[in-house]
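Only one structure is covered here, and it is reproduced in the block below.
Note that the structure is a prediction, hence the values are computed from the model and not measured.
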Amino acid sequence: MTPAPVIIAVDGRSGAGKTTLAVELAARLREHHKVSLFHLEDIYPGWNGLATGIERYVATVLTPLSQGEAAEWVSWDWEKHYDGALHVTLPAEIVIVEGVGAAANAARPMLDAVVWVESPGDDRRRRALARDGDTYEPYWDTWAAQEDVWLDSDPVMGAADIRVQNLADGNAPDDVLQAMRYLPSLAAILSPELSARRGLQLRSEKISAAPDAEALFQSLYGSSTNAVWLDSSNASAVSGTSQAAGRSRFSILADDGGTFGQSVQHRGGTTHVTAGTATVETSGPFFRWLDSVWGRRAVRAPRGYDCQFALGWLGYLGYELKRETGGNDVQADTPDAALLFAGRAVVLDHREHTVWLLALVAPDADEWLREARAAVGAASAAPASGVEPASGVEPASGSAPEFTCRDSASDYKRKIADAQHEISEGNSYEVCLTTMLEAEAGGIDPWQSYRALRRRNPAPFASYLRFGQLVVASTSPERFLRILSDGGMRAEPIKGTRGRSADPTEDAELRRDLETSLKDRAENIMIVDLLRNDLSHFAIPGSVTVSRLCAIESYATVHQMVSTVDAHLRPGAPRAEALAAAFPAGSMTGAPKISTMDILDQLEAGPRGIYSGAIGYFSLNAATDLAVVIRTLVVNPDGDGRRTLSLGIGGAITADSVADDEYEEIRTKAFGVLSTLGADFPG
């Protein structure tokens, strides 16, 4: 008897392409493993024998193989319509069983992974008859009816670990193999394949050009279902080597196309990863999953390339992931996290006026590099769109959206008083109370809205994210957390806001008022202390410093008070856990964080969703740079064919807060986005 093998079932309805997929998977896995392959069609007792065939398969094939023993089974003679010869299937490191019923309920306790293969009914019939000829055609309906009966009583599709839409284009085996790497049950056996992934090679091209970023994104990714643009939209307003210029130096444009392209969404403890036509589902905390795919150096950055992004995951982490970091479990309408894996990307260096094309070595890399090179050339010749403040745009529907607020003015002010009561009771020092503006999206075009937003309110951490119908358009000025490839850490919390004035004298006075405000300084310093503690959990002792305290930065519509907290990660420390220790951003919770999050859940009338989370990247060189999700418009499908707009706003409440002033502050923070849409603050 040999050790028990890893058993993978490839199931699906007739004609879905299970046999071809299983054979191709076995061929790929045999490069590093001994693999046995069993086809259920060899054991079904005739055209009416699905149920009996499943029983035979479980008893005579699967049970002995799962125990590491050889399986002796009787084949079916399809010409004589009777039992045929005796056969033996030997155990191996990996056993693949394929056919209708391979993952039936009685089989599943003995299986390590289930792959369900899907294909449209017309395609399935055509493929099955093309393979088996006239012998199958008279029995197609009979067999299909048995499949219906079986599936009505057996939720095998819902139990699948991986679902693949088989387009019969040759991509399904590679997509499934890529998806298998995310299954904990297969991680050990697939270690050679995982090692091969860690041996990725990065190709790069440097082009001296300053293309129009909007035109370039639209050219390369305008039709992509999933795409991300991390947009330093204020780059033209800053220069030199200042901190502001450093934050605004690079823009990153990418989608999930190509050989390595993948996307992931996480909701309430379940992670769905899509690799091409295959989708894999795993259970467990998101940050544990993130630790399995990010945090180790897998590529070396090109010579002369100063950006920390060297391909990898890009997207957002929603506020409700706080359930994994000490907060309560609150359900949001949007995914708790959405990321795409970019195996190729364009990086704009605004300081050097250069463009970097990055691509992992793959069969389609040359073609993409040619396309990207041409797109850069065309965008460099296009008239610059610029990011000068604009006077607002008329929505595509021809009318501005009408927002409602989760809280009326009186409700919000009452919650301010409730927060101050919690502070007086010693349960918090500072409560970052938020609310939500919502509207019907109507005919709003998210892309055109973002173009207007980045002109009207340029920011160092602006971004445009598209995950299908879910779109995020952000003009965030605030960095949440950066971890460099070498372990350097930085957080730059913002606390304290004043609106801008068109009158230079009045504007200077507003800036001075913020700079000298004891209340705003107290808010900022409390969050700095919180972040010093957050970073210290995984930092080298003594490395946590405050290099900038309560500095004033000015943006198109607001002045902000900003501090900088630096640290250095301990060698070997898990980077995903270091991120989790600081999540969500203290500037969006208050202090102390865990007790204050509990207070916020009681005060706020609903989930925050993407707002208050983080947007950025997780690079293959173990670096990350994440912005706080503020000044951000979210366009979300509601499931009924309509779309909703949402804009989160809030402010820090302390014992000294004045309710009228705090309410006016959230109106100020909403102005940049609302005025761009031609909308008014409700009430």
Side-chain angles (χ1 to χ4, degrees), residues 243 246-247 285-298 300-301 306 308-310 312 317 321-327 426 428-430 432 478-495 521-551 561-598 613-614 616-628 652:
Q243 284 194 20
R247 289 199 300 273
F286 172 80
F287 286 106
R288 183 184 301 166
W289 177 88
L290 183 63
D291 183 62
S292 71
V293 300
W294 171 75
R296 288 156 287 278
R297 295 188 184 95
R300 185 183 299 275
D306 294 331
Q308 285 285 302
F309 177 71
L317 313 184
L321 284 176
K322 67 183 174 63
R323 71 171 65 89
E324 299 181 18
T325 63
S428 180
Y429 305 113
E430 179 179 353
C432 295
E478 181 175 358
R479 170 177 276 145
F480 163 44
L481 179 65
R482 181 186 73 183
I483 304 177
L484 301 177
S485 182
D486 66 5
M489 306 171 74
R490 170 167 289 181
E492 295 183 279
I494 291 177
K495 269 286 162 268
R521 289 181 66 87
E523 289 180 12
N524 198 291
I525 290 169
M526 278 190 276
I527 298 305
V528 167
D529 284 342
L530 173 60
L531 280 165
R532 289 172 64 239
N533 178 69
D534 287 348
L535 298 188
S536 70
H537 291 298
F538 290 91
I540 295 172
S543 70
V544 181
T545 60
V546 179
S547 57
R548 188 174 57 148
L549 186 64
C550 297
M561 184 177 285
V562 188
S563 295
T564 301
V565 183
D566 290 308
H568 202 92
L569 194 68
R570 293 198 311 267
R575 296 189 175 213
E577 291 189 29
L579 167 62
F583 189 88
S587 61
M588 301 305 295
T589 61
K593 185 183 288 187
I594 292 177
S595 62
T596 304
M597 286 193 295
D598 186 55
Y617 65 75
F618 302 95
S619 175
L620 287 174
N621 63 358
T624 184
D625 202 354
L626 300 166
V628 179

Legend entry - Salt bridge flag under 4.0 Å for residues Lys495 and Glu523: no
Inset, instruction - Output the distance between atom CG (Leu569) and atom OG (Ser485), rounded to the nearest 0.5 Å. - result: 11.0 Å
Legend entry - Candidates Glu478, Glu430, Glu492 - the one meeting side chain to side chain donor-acceptor pair (under 3.5 Å) with Ser587: Glu478
Legend entry - Check ion pair Asp529-Arg532 (N to O, under 4.0 angstrom): yes
Legend entry - Salt bridge present between Asp625 and Arg482 (N-O < 4.0 angstrom): no
Legend entry - Asp534 side, atom CG; Leu579 side, atom CG - distance, nearest 0.5 Å: 10.5 Å
Legend entry - Within-4.5 Å side-chain heavy-atom neighbours: Leu531 and Leu481: no
Inset, instruction - Return yes if a side-chain donor-acceptor contact under 3.5 Å exists between Ser428 and Thr596, otherwise no. - result: yes
Legend entry - Interatomic spacing from CG in Asn621 to CG in Asp486 - rounded to 0.5 Å: 10.0 Å
Inset, instruction - Could you tell me whether Arg548 atom CZ has more than 12 heavy atoms of other residues or ligands within 6.0 Å of it? - result: yes
Inset, instruction - Hey, could you give me the CE/OG distance between Met489 and Ser543, rounded to the nearest 0.5 Å? - result: 8.0 Å
Inset, instruction - Would you indicate whether Tyr429, at its atom OH, is surrounded by more than 12 heavy atoms from other residues, nucleotides or ligands within a distance under 6.0 Å? - result: no
Inset, instruction - Would you mind reporting whether Leu321 and Pro584 have side-chain heavy atoms less than 4.5 Å apart? - result: no
Legend entry - Residues, nucleotides or ligands: over 12 heavy atoms within 6.0 Å of Arg570 CZ: yes
Legend entry - Contact summary for Ile527 and Gly590, nearest pair of heavy atoms: CD1-CA, 4.1 Å
Inset, instruction - Test Lys322 against every option in Met597, Met588, Lys593 by the side chain to side chain contact (heavy atoms under 4.5 Å, CB included) rule and name the one that passes. - result: Met597
Legend entry - Which atom of Ser563 lies closest to which atom of Asn524, heavy atoms considered: OG-OD1, 2.6 Å
